[in-house]
Amino acid sequence: MTEAYQPETLAVRAGRVQSQFNEHSEAMFLTSSFTFDSAEQAAKRFIGEEPGNIYARFTNPTVTMFEERLAALEGAEQCVATASGMSAILAACMGLLKAGDHIVASQSLFGSTVNLFNNVLKKFGVETTFVSATDVAQWQAAIQPNTKLFFLETPSNPLTEISDIAAITAVAKSCGALLAVDNCFCTPILQRPLELGADIIIHSATKYIDGQGRVLGGAVLGSKKLMEPVYGFLRTTGPTMSAFNAWVFLKGLETLKIRMDAHSANSLELAQWLEQQPNVSRVFYPGLPSHPQHKLAMQQQKTGGGIVAFEVKGGKQAAWRVIDNTKMLSITANLGDTKTTITHPATTTHARISPEARAAAGITDGLIRIAVGLEAPIDVQNDLAHGL
Ligand SMILES: *Cc1c(COP(=O)(O)O)cnc(C)c1O
């Protein structure tokens with residue numbers, strides 16, 4: 001597959017390989033190891049003189065198909081698939097950093113990513129400074145002589161803050177650091193960070209790439225040179241993607257474009273409706289002109305995406321009333337599913353951070369996050385209206 005194909009085409013065709021049986025749909029290769037024609041071939045494979053499969057901790061054809069398809073969509077030279085989004089971030093850090101290195105990261109990151117930086121990497125001598133997702137000057141000011149990695153997520157969860165990827169790339173380049181972007185919320189259908197200058201892309205495939213809430217997986221993407229140590233870490237330590245999960249994700253990618261378009265259209269409709277509700281004090285959605293970074297969002301992403309947050313008047317009690325009076329929406333912290341989910345960030349995803357830090361981050365007690373699914377928008381509105 002060449003770059004000349006459109007994303008919709010790459011999503012259904014890139015990376016496909018056929019076995020001797022000429023199957024049309026991609027096959028699932030449930031095998032942990034592969035055989036060789038001769039002792040000589042085995043030897044050549046093991047020392048890397050001949051390409052080919054050896055063992056599923058290293059490679060598996062179904063996983064390779066997924067990697068090539070996602071790489072084509074992101075415009076990346078190489079993709080390394082992992083067991084989860086968190087193991088993608090771990091593999092990227094373990095492959096590219098060493099003791100004594102420093103990370104500058106957005107303070108608006110997925111909670112487990114913050115824990116990974118603060119509690120796991122720190123034990124191995126990697127320190128992190130957290131800065132505002134939106135204030136580029138803070139990224140500049142946080143640079144140290146040992147800064148090796150910038151890390152951000154845009155739009156952020158749950159407030160949908162937009163980080164300026166091109167501007168933060170320029171700051172990273174000025175000190176020789178790499179920029180990694182967690183592109184989970186947008187997927188390559190809505191945003192292609194490598195084109196804006198980022199060096200590394202992280203995915204939790206668990207979310208929109210699966211799209212139906214079935215399996216966990218992740219990916220790291222970038223140049224061949226950068227992915228070599230990331231792959232090396234995985235090959236040695238084993239948080240690799242299973243063939244079954246890769247097969248689910250391959251099929252997920254085939255419908256990603258039409259799903260992201262539908263998630264986006266439904267989200268915009270919901271956000272506009274929420275803005276008109278008397279008990280809603282504020283709506284956070286990058287596709288709304290009222291979003292503080294609407295213009296930047298519309299330059300950087302194709303649509304506002306599938307996540308809408310809003311604040312109800314009356315704090316926690318009022319927010320819980322809205323959640324508890326829904327009859328259809330799923331009360332869960334997951335996102336990127338066909339089914340719309342509703343979350344109270346202050347008491348779930350962000351409960352473990354201090355009330356002061358939560359307030360500083362703008363996550364108020366009245367805040368509700370909706371990951372908009374594929375149901376009819378009117379049914380989602382009616383369900384929210386019960387408690388509003
Ligand atoms: C869910 C999520 C992750 C972690 O992915 P898992 O597949 O759950 O390990 C990382 N980043 C973002 C933005 C996420 O939403």
Side-chain angles (χ1 to χ4, degrees), residues 82-94 97 103-124 126-134 138 142 149-163 180-187 200-210 213 215-220 239 284 305-311 316 319-320 323 330-337 341-371:
T82 59
S84 67
M86 287 319 301
S87 53
I89 302 173
L90 177 68
C93 291
M94 295 303 262
L97 301 175
I103 302 173
V104 180
S106 162
Q107 66 197 10
S108 308
L109 289 182
F110 185 67
S112 294
T113 310
V114 175
N115 282 338
L116 173 69
F117 290 172
N118 274 341
N119 302 327
V120 180
L121 293 185
K122 201 176 175 147
K123 286 202 299 186
F124 298 93
V126 175
E127 299 276 341
T128 304
T129 304
F130 292 95
V131 296
S132 155
T134 55
Q138 286 192 25
L149 180 69
F150 278 28
F151 194 103
L152 63 85
E153 199 178 300
T154 179
S156 72
N157 180 21
L159 292 173
T160 71
E161 296 164 288
I162 307 295
S163 293
V181 174
D182 183 333
N183 203 26
C184 169
F185 276 29
C186 276
T187 82
I200 297 153
I201 295 174
I202 301 287
H203 274 291
S204 167
T206 315
K207 313 295 169 49
Y208 290 105
I209 292 178
D210 173 352
V215 295
L216 265 79
V220 189
F284 302 85
I307 307 291
V308 179
F310 64 101
E311 219 168 66
K316 179 182 137 180
W320 278 23
I323 293 169
S330 310
I331 306 174
T332 170
N334 197 29
L335 62 96
D337 199 304
T341 68
I342 186 164
T343 314
H344 186 239
T347 53
T348 60
T349 54
H350 293 70
R352 283 182 296 173
I353 62 175
S354 71
E356 299 77 45
R358 210 159 45 230
I363 297 161
T364 59
D365 287 349
L367 190 74
I368 292 174
R369 188 198 75 190
I370 308 282

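Here, residue 1 is the first one in the sequence, and each next residue gets the next number. Because only heavy atoms are used, hydrogens play no part in the values below, and waters and symmetry mates are left out as well, while side chains stay in.
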Straight-line distance of [X] [atom1] to [Y] [atom2], nearest 0.5 Å:
{"X": "N157", "Y": "L109", "atom1": "CG", "atom2": "CG", "value": "10.0 Å"}
{"X": "W320", "Y": "I331", "atom1": "CH2", "atom2": "CD1", "value": "10.5 Å"}
{"X": "R369", "Y": "T343", "atom1": "CZ", "atom2": "OG1", "value": "4.0 Å"}
{"X": "N115", "Y": "L121", "atom1": "CG", "atom2": "CG", "value": "11.0 Å"}
{"X": "D182", "Y": "S156", "atom1": "CG", "atom2": "OG", "value": "11.5 Å"}

For residues 200-210, which side-chain donor-acceptor pairs fall under 3.5 Å, sequence neighbours excluded?
from	atom 1	to	atom 2	distance (Å)
H203	NE2	E74	OE2	2.7
S204	OG	T206	OG1	3.3
T206	OG1	G217	N	3.1
T206	OG1	G217	O	3.2
D210	OD1	Q212	N	3.1
D210	OD1	R214	NE	3.0
D210	OD1	R214	NH2	2.8
D210	OD2	R214	N	2.7
D210	OD2	V215	N	3.0

All side chain to side chain contact (heavy atoms under 4.5 Å, CB included) counterparts of [X], not counting sequence neighbours:
{"X": "A133", "result": "S106, S108, E161, S163"}
{"X": "K122", "result": "E127"}
{"X": "A142", "result": "V104, T129, V131"}
{"X": "M86", "result": "S84, I89, F110, S112, T113, L116"}

Can you check whether H350's main-chain N or O pairs, donor with acceptor, with R358's side chain at less than 3.5 Å?
->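 Here the side-chain-to-backbone pair exists.
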
Answer yes or no: is there a donor N or O on one side and an acceptor on the other, between the side chain of T341 and the main chain of S330, under 3.5 Å?
->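 Side chain of T341 to backbone of S330: no pair is present.
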
Looking only at non-hydrogen atoms, find the nearest pair between [X] and [Y] and report the distance.
{"X": "S87", "Y": "A83", "result": "OG-N, 3.4 Å"}
{"X": "P345", "Y": "L367", "result": "CD-O, 3.4 Å"}
{"X": "I368", "Y": "A319", "result": "CD1-O, 3.7 Å"}
{"X": "L149", "Y": "A180", "result": "CD1-CB, 4.0 Å"}

With the side chain counted from C-beta on, respond yes when [X] and [Y] share a heavy-atom pair under 4.5 Å apart, and no when they do not.
{"X": "I307", "Y": "P155", "value": "no"}
{"X": "L159", "Y": "I363", "value": "yes"}
{"X": "I103", "Y": "F117", "value": "yes"}
{"X": "T349", "Y": "P158", "value": "no"}
{"X": "V181", "Y": "F151", "value": "no"}
{"X": "H344", "Y": "K316", "value": "yes"}

Residues two or more places apart in sequence or in another chain: which of them pass side chain to side chain donor-acceptor pair (under 3.5 Å) with T128?
->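 T128 satisfies side chain to side chain donor-acceptor pair (under 3.5 Å) with no residue once adjacent residues are dropped.
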
Is a side-chain donor-acceptor pair under 3.5 Å present for S132 with Q138?
->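 Looking only at side-chain atoms, S132 and Q138 do not form any donor-acceptor pair under 3.5 Å.
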
